[in-house]
K.L.:
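First the structure, which I've put down as structure tokens, then a few questions once you've had a look.
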Amino acid sequence: MKIAWVSSWPPRPCGIATYSLELVDALRKKGGDVYIVCHTDGGKPGEKDVYPVINLDEVDWAEKLYSIVGEIKPDIVHIQHEYGLYSVNGDYSAGLLRPLFRWKLDDSFPVVITYHSVYSKMDRARAMFMDLMQRLVHAGIVH
């Protein structure tokens with residue numbers, strides 16, 4: 001199975017990067033063909049199947065994410081989500097909703113999101129964002 005794994009990635013100092021590294025290693029040992037799409041501070045020079053294209057300082061980062069996943073041609077996209085990973089100036093929707101919407105329209109592969117931020121009560125903005133995201137993906141996993 002070919003997986004496009006969207007997440008932070010080492011050497012970025014982030015718990016989700018470490019989580020991703022360990023889970024991707026386990027998936028690869030089971031025969032998974034995993035391609036990492038991460039932030040520009042992730043990946044080591046020459047690291048195989050790692051695409052550091054997410055730069056929240058660039059206006060078109062979501063387009064770059066969408067394009068590289070299209071080039072990978074995965075069987076599934078798995079996104080590791082925490083609000084700070086994809087938000088710009090506190091705007092949770094800053095870009096991530098755009099590729100999710102386009103992948104839903106394409107309907108070429110399922111999209112799964114693992115949520116690493118769990119709240120017993122969400123503010124209105126987070127609740128609306130989560131509702132929209134869940135409508136655009138095939139499955140959500142809550143940690």
Side-chain angles (χ1 to χ4, degrees), residues 1-104 108-143:
M1 174 176 279
K2 193 181 226 183
I3 304 166
W5 188 274
V6 179
S7 179
S8 58
W9 190 253
R12 182 177 234 216
C14 172
I16 295 171
T18 302
Y19 166 92
S20 290
L21 178 69
E22 292 175 2
L23 187 50
V24 165
D25 183 49
L27 290 168
R28 286 177 173 160
K29 285 179 181 172
K30 291 286 187 183
D33 191 13
V34 187
Y35 297 77
I36 311 304
V37 182
C38 63
H39 298 77
T40 53
D41 61 353
K44 297 174 187 132
E47 190 172 10
K48 187 177 181 243
D49 299 329
V50 176
Y51 302 89
V53 298
I54 300 171
N55 181 347
L56 301 181
D57 292 331
E58 295 177 353
V59 182
D60 65 342
W61 74 265
E63 180 61 33
K64 290 178 181 179
L65 168 63
Y66 179 83
S67 294
I68 199 68
V69 168
E71 289 175 28
I72 293 168
K73 295 181 180 17
D75 297 312
I76 189 168
V77 172
H78 194 144
I79 300 170
Q80 303 305 304
H81 182 270
E82 193 282 322
Y83 292 98
L85 290 178
Y86 311 106
S87 64
V88 177
N89 297 323
D91 180 359
Y92 312 134
S93 66
L96 193 54
L97 287 178
R98 189 170 285 144
L100 289 175
F101 182 80
R102 291 174 70 187
W103 289 326
K104 182 76 168 182
S108 301
F109 43 73
V111 177
V112 176
I113 295 182
T114 296
Y115 299 101
H116 293 268
S117 294
V118 180
Y119 298 88
S120 58
K121 183 174 176 160
M122 287 189 248
D123 61 28
R124 186 169 184 252
R126 281 191 177 103
M128 288 176 63
F129 179 71
M130 291 296 288
D131 183 56
L132 285 170
M133 281 198 356
Q134 278 306 115
R135 292 170 187 258
L136 296 173
V137 301
H138 292 81
I141 302 167
V142 178
H143 271 269

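Every heavy atom of this structure was used, including side-chain atoms; hydrogens, water molecules and symmetry mates were not.
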K.L.:
Using modelled atom types only, decide if a donor and an acceptor are shared between the side chain of His39 and the backbone of Leu56 within a distance under 3.5 Å.
P.N.:
no
K.L.:
Can you check side chain to side chain contact (heavy atoms under 4.5 Å, CB included) on Ile68 and Tyr35, steps first, answer last?
P.N.:
CA-CA 10 Å; Ile68 199 68; Tyr35 297 77; over 6 Å; no
K.L.:
Could you check whether any side-chain heavy atom of Val137 comes within less than 4.5 Å of a side-chain heavy atom of His81, counting everything from C-beta outward?
P.N.:
no
K.L.:
Taking all atoms of both residues into account, what is the closest heavy-atom pair of Gln80 and Ser20, and its distance?
P.N.:
CG-OG, 3.6 Å
K.L.:
When you look at CZ of Phe101, are more than 12 heavy atoms from neighbouring residues, nucleotides or ligands closer to it than 6.0 Å?
P.N.:
no
K.L.:
Does a side chain donor of either Glu71 or Ser67 reach within less than 3.5 Å of an acceptor in the other side chain?
P.N.:
no
K.L.:
To the closest 0.5 Å, what do you measure between CD1 (Ile113) and CG (Leu100)?
P.N.:
5.0 Å
K.L.:
Grab the two heavy atoms, one from Pro74 and one from Val77, that are nearest each other, plus how far apart they are.
P.N.:
CG-CG2, 3.9 Å
K.L.:
Taking only residues two or more places apart in sequence, or in another chain, which ones meet Tyr83 in a side-chain hydrogen bond (donor to acceptor under 3.5 Å, both in side chains)?
P.N.:
none
K.L.:
Is any side-chain heavy atom of Thr40 less than 4.5 Å from a side-chain heavy atom of Trp61?
P.N.:
no
K.L.:
Take Leu97 and Met133, measure what side chain to side chain contact (heavy atoms under 4.5 Å, CB included) needs, and give me the verdict at the end.
P.N.:
CA-CA 7 Å; Leu97 287 178; Met133 281 198 356; 3.7 Å; yes
K.L.:
Are side-chain heavy atoms of Glu47 and Ile36 found at a separation under 4.5 Å?
P.N.:
no
K.L.:
Carefully, step by step, assess Val111 and Leu136 under the rule side chain to side chain contact (heavy atoms under 4.5 Å, CB included).
P.N.:
CA-CA 8 Å; Val111 177; Leu136 296 173; over 6 Å; no
K.L.:
Could you pull out the closest heavy-atom pair between Gly42 and Pro52, with the gap in Å?
P.N.:
O-CB, 3.5 Å
K.L.:
Mind running side chain to side chain contact (heavy atoms under 4.5 Å, CB included) on Val53 and Val37 for me, showing each step along the way?
P.N.:
CA-CA 7 Å; Val53 298; Val37 182; 3.7 Å; yes
K.L.:
Measuring only between side-chain heavy atoms, which start at C-beta, is Tyr115 closer than 4.5 Å to Gln134?
P.N.:
yes
K.L.:
Would you compute the distance between atom CH2 of Trp5 and atom CD1 of Ile76 and round it to the nearest 0.5 angstrom?
P.N.:
10.0 Å
K.L.:
Count the heavy atoms of every other residue, nucleotide or ligand shown that sit under 6.0 Å from CE of Met128, and state whether that count exceeds 12.
P.N.:
no
K.L.:
For the atom pair CG (Leu21) and CD1 (Ile16), what is the distance rounded to the nearest 0.5 Å?
P.N.:
13.5 Å
K.L.:
Just verifying a value: how many Å separate Asn55 CG and Asp41 CG, rounded to the nearest 0.5 Å?
P.N.:
9.0 Å
K.L.:
Kindly give the heavy-atom pair with the smallest separation between Ser8 and Cys38, and that separation in Å.
P.N.:
C-CB, 4.5 Å
K.L.:
Set out, in order, the CA-CA distance, both residues' side-chain angles and the distance that settles salt bridge (Lys or Arg N to Asp or Glu O under 4.0 Å) for Asp33 and Lys2, then state yes or no.
P.N.:
CA-CA 5 Å; Asp33 191 13; Lys2 193 181 226 183; 5.2 Å; no
K.L.:
Taking all heavy atoms of Phe109 and all of Asp75, pick out the closest pair and write down the distance.
P.N.:
CB-O, 3.4 Å
K.L.:
Compare every heavy atom of Thr114 with every heavy atom of His78, then report the nearest pair and how far apart it is.
P.N.:
NE2-OG1, 2.6 Å
K.L.:
Is the closest side-chain heavy-atom distance between Glu63 and Arg102 below 4.5 Å?
P.N.:
yes
K.L.:
Between CD1 of Ile79 and CG of Leu85, what distance do you get to the nearest 0.5 Å?
P.N.:
11.0 Å
K.L.:
CD/Glu82 to OH/Tyr19 distance, rounded to the nearest 0.5 angstrom?
P.N.:
13.5 Å
